[in-house]
**Q** 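So that we are looking at the same thing, I have put the structure below in structure tokens.
Order of appearance sets the numbers: ligands from 1, and atoms from 1 within every ligand.
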Amino acid sequence: MAEAVQVLRAGGLVGLPTETVYGLAVRAFDERAVARVFSTKGRPPHHPLIAHVAGEEQARALAANWPEHASLLASAFWPGPLTLVVQRAPHVPSAVTGGGSSIAIRAPSHPVARAIIAELDEPVAAPSANRYGCLSPTLAAHVVSQLGDAVDLVLDAGPCEAGIESTVVDLRGPVVRVLRPGAVDIASLRAFVKDIEANREAPSPPGPRPSPGLETHHYAPRARLRIASTSAEAVAAAREVASRGERVGLVVHAGRELALEGALVHSLPADPVRYASLLYRTLHELDDAGVDAIVVQRVPAAEEWLAVADRLRRAETKE
Ligand code: TXA
Ligand code: MG
């Protein structure tokens with residue numbers, strides 16, 4: 001960790017474990033390092049980064065104003081996987097915010113991330129440590145295999161607990177709005193903000209996107225991915241792929257143990273939080289095994305599955 005702080009101070013890039021996914025961290029005020037993050041990820045320059053802070057005080061210093069809801073949500077969920085979008089303060093480098101006038105901020109709860117930010121004593125900008133459009137990393141090995149030598153140091157703290165990115169909430173308007181469903185579920189937010197807008201289907205409206213994470217093809221494995229309505233349909237679809245001599249991965253849930261000849265079968269938990277914690281890891285494993293196609297059983301339409309359903313929809317191969 002001491003070495004990581006040195007690397008950051010010297011303008012380097014660090015693969016940083018958080019409670020959601022691994023981040024690609026730089027000093028938020030180091031514009032050259034921030035530029036390297038964009039080139040390393042292959043990320044378009046207008047996609048803003050999240051500033052990771054120690055807590056509310058550091059967050060306020062990055063914001064032009066700090067709405068009441070920001071205080072409310074920060075005290076309820078920080079440190080933790082909730083990202084707050086507010087107006088940015090003028091001294092924040094515009095590269096961090098993708099040239100925009102707002103900034104996304106969160107205080108991670110992972111002890112390693114917290115220790116680094118505390119020691120550095122300033123905010124760290126960090127997107128997920130994957131190449132643009134690809135699966136987010138939930139293991140240090142995922143960071144190394146996707147970004148390799150482009151990262152100066154990767155801290156390995158084992159698997160990320162949530163396994164899915166933070167929930168991003170927009171606090172700029174009169175109504176608090178979820179821009180990206182994530183590790184904090186909507187019901188937990190609603191306990192603090194009664195009339196929160198959850199934007200269930202997140203249709204991309206014309207014009208500038210409210211959040212670049214709403215890109216329709218994002219978080220995708222290399223193999224083509226298809227969602228099937230039921231486990232029976234998923235099995236049938238996987239069997240069909242296998243019958244063409246292709247390698248196929250099958251992802252079902254709700255505790256079903258099934259075997260299918262010629263297929264790599266993963267049975268994920270029926271609980272949305274535990275499912276989320278294993279989702280990216282499972283897709284990485286199937287990619288690493290070299291499957292041509294992945295068939296995933298559709299998850300329930302219930303609100304607590306919103307984040308998982310969102311990532312699966314974005315991972316699905318568009319015809
Ligand atoms: O859990 C996470 O949030 C992880 C860990 C590393 O903290 N980070 C992460 O960063 O997922 P990234 O860059 O992969 O995704 C950031 C998300 C994107 O969906 C982006 O659109 C949104 O946050 N975002 C960032 N700044 C924003 C802003 N100013 N306005 C609206 N959305 C913003
Ligand atoms: Mg990302």
Side-chain angles (χ1 to χ4, degrees), residues 13-26 28 34 37-38 40-53 62-64 77-89 92-110 112-114 116-117 123-138 142-143 146-147 155 157 160-173 177-184 199 202 204 208-220 276-277 280 307 310-311 314-315:
L13 274 57
V14 172
L16 184 71
T18 83
E19 71 278 24
T20 57
V21 300
Y22 276 78
L24 182 61
V26 292
V34 170
V37 166
F38 282 89
T40 300
K41 277 183 65 87
R43 183 181 183 123
H46 60 277
H47 281 216
L49 308 180
I50 296 174
H52 294 68
V53 297
L62 299 175
F77 295 98
W78 283 3
L82 182 68
T83 297
L84 307 178
V85 174
V86 294
Q87 292 296 338
R88 81 172 160 106
V92 176
S94 76
V96 173
T97 67
S101 60
S102 62
I103 182 163
I105 313 173
R106 85 177 187 97
S109 64
H110 194 290
V112 173
R114 283 175 66 73
I116 299 287
I117 294 165
V124 151
S128 51
N130 52 285
R131 289 199 55 80
Y132 177 66
C134 300
L135 290 175
S136 296
T138 59
H142 298 156
V143 181
Q146 277 198 49
L147 302 178
L155 290 174
C160 300
E161 189 184 343
I164 197 163
E165 298 84 351
S166 63
T167 304
V168 181
V169 171
D170 190 350
L171 301 176
R172 286 169 298 169
R177 201 153 62 99
V178 176
L179 297 177
R180 177 179 72 177
V184 172
N199 201 7
S204 299
R209 270 180 300 276
S211 181
L214 301 181
E215 220 63 76
T216 49
H217 194 63
H218 216 89
Y219 314 105
S277 76
Y280 287 144
D310 170 81
R311 300 307 188 276
R314 291 177 206 294

**Q** Any luck finding a side-chain donor-acceptor pair between Thr20 and Ser166 under 3.5 Å?
**A** no
**Q** Can Glu165 and Ser136 be counted as having a side-chain donor-acceptor contact under 3.5 angstrom?
**A** yes
**Q** Can you tell which of Pro48, Pro137, Pro17 gets a heavy atom nearest to atom 27 (C) of ligand 1?
**A** Pro48
**Q** Check ligand 1 against Ile50 and write out every atom of the ligand that is under 4.0 Å from a heavy-atom position of the residue.
**A** 3 (O), 8 (N), 9 (C), 10 (O), 16 (C), 23 (O)
**Q** Just jot down the ligand 1 atoms closer than 4.0 angstrom to any heavy atom of Pro127, in number order.
**A** 10 (O), 12 (P), 13 (O)
**Q** Side chains of Val14 and Ile116: closer than 4.5 Å at any heavy-atom pair?
**A** no
**Q** With respect to Thr18, determine whether any N or O atom, backbone or side chain, lies less than 3.5 Å from an N or O atom of ligand 1.
**A** no
**Q** Is Arg106 in polar range of ligand 1, meaning some N or O pair under 3.5 Å apart?
**A** yes
**Q** For Glu19, check side-chain hydrogen bond (donor to acceptor under 3.5 Å, both in side chains) against everything at least two apart and list the hits.
**A** Arg106, Ser109
**Q** Tell me, please, whether Tyr219 has Arg311 positioned over its six-membered ring: NZ or CZ under 6.0 Å from the ring centre and within 45 degrees of its axis?
**A** yes
**Q** Could you give me a count of protein N/O/S atoms that are under 2.8 Å from the Mg ion (ligand 2)?
**A** 1
**Q** Taking atom CD as the centre, does Gln87 end up with more than 12 heavy-atom neighbours from other residues, nucleotides or ligands that are less than 6.0 angstrom away?
**A** yes
**Q** Once you restrict to heavy atoms under 4.0 Å, what part of Leu179 touches ligand 1? Side chain, backbone, both or neither.
**A** side chain
**Q** Just verifying a value: how many Å separate Gln146 CD and Cys134 SG, rounded to the nearest 0.5 Å?
**A** 5.0 Å
**Q** For His52, take its heavy atoms, then give the atoms of ligand 1 lying under 4.0 Å from any of them.
**A** 5 (C), 6 (C), 7 (O)
**Q** Set out, in order, the CA-CA distance, both residues' side-chain angles and the distance that settles side chain to side chain contact (heavy atoms under 4.5 Å, CB included) for Arg177 and Val169, then state yes or no.
**A** CA-CA 6 Å; Arg177 201 153 62 99; Val169 171; over 6 Å; no
**Q** Relative to ligand 1, is His47 under 4.0 angstrom through side chain, backbone, both or neither, heavy atoms considered?
**A** neither
**Q** Test of understanding: given a 4.0 Å heavy-atom threshold, classify the contact between Lys41 and ligand 1 as side chain, backbone, both, or neither.
**A** neither
**Q** Any heavy atom of Glu19 closer to ligand 1 than 4.0 angstrom?
**A** no
**Q** Working note: Asn130 + Leu135, criterion side chain to side chain contact (heavy atoms under 4.5 Å, CB included); need CA distance, chi angles, decisive distance, verdict.
**A** CA-CA 6 Å; Asn130 52 285; Leu135 290 175; over 6 Å; no
**Q** Among residues at least two apart in sequence or on other chains, which ones pass side-chain contact (heavy atoms from CB on, under 4.5 Å) with Ser277?
**A** none
**Q** Is there a nitrogen or oxygen of Ser128 sitting under 3.5 Å from a nitrogen or oxygen of ligand 1?
**A** yes
**Q** Name all residues meeting the side-chain hydrogen bond (donor to acceptor under 3.5 Å, both in side chains) criterion together with Thr167; count only those two or more places apart in sequence or in a different chain, and write none if there are none.
**A** none
**Q** By number and element, which atoms of ligand 1 are closer than 4.0 Å to a non-hydrogen atom of Val168?
**A** 23 (O)
**Q** Taking only heavy atoms of Ser102, which atoms of ligand 1 are found under 4.0 Å from at least one of them?
**A** 28 (C), 29 (N), 30 (N)
**Q** For the CD1 atom of Ile50 and the CG atom of Leu84, what is their distance to the nearest 0.5 Å?
**A** 10.0 Å
**Q** Parallel, tilted or perpendicular, judged at 30° and 60°: which one describes the rings of His47 and Tyr132?
**A** perpendicular
**Q** For a side chain to side chain contact (heavy atoms under 4.5 Å, CB included) check, start with the C-alpha distance between Ile117 and His52, then their side-chain angles and the critical distance, and finish with the verdict.
**A** CA-CA 8 Å; Ile117 294 165; His52 294 68; 3.8 Å; yes
**Q** Please work out, at 4.0 Å between heavy atoms, whether the side chain, the backbone, both, or neither of Arg180 comes within that distance of ligand 1.
**A** side chain
**Q** Enumerate the atoms of ligand 1 whose separation from the nearest heavy atom of Glu165 is less than 4.0 angstrom.
**A** 1 (O), 2 (C), 11 (O)
**Q** Pull out every atom of ligand 1 sitting under 4.0 Å from any heavy atom of Ala104, numbered as shown with elements.
**A** 25 (C), 26 (N), 27 (C), 29 (N)
**Q** Taking non-hydrogen atoms only, is Arg88 closer than 4.0 angstrom to ligand 1 via side chain, backbone, both or neither?
**A** neither
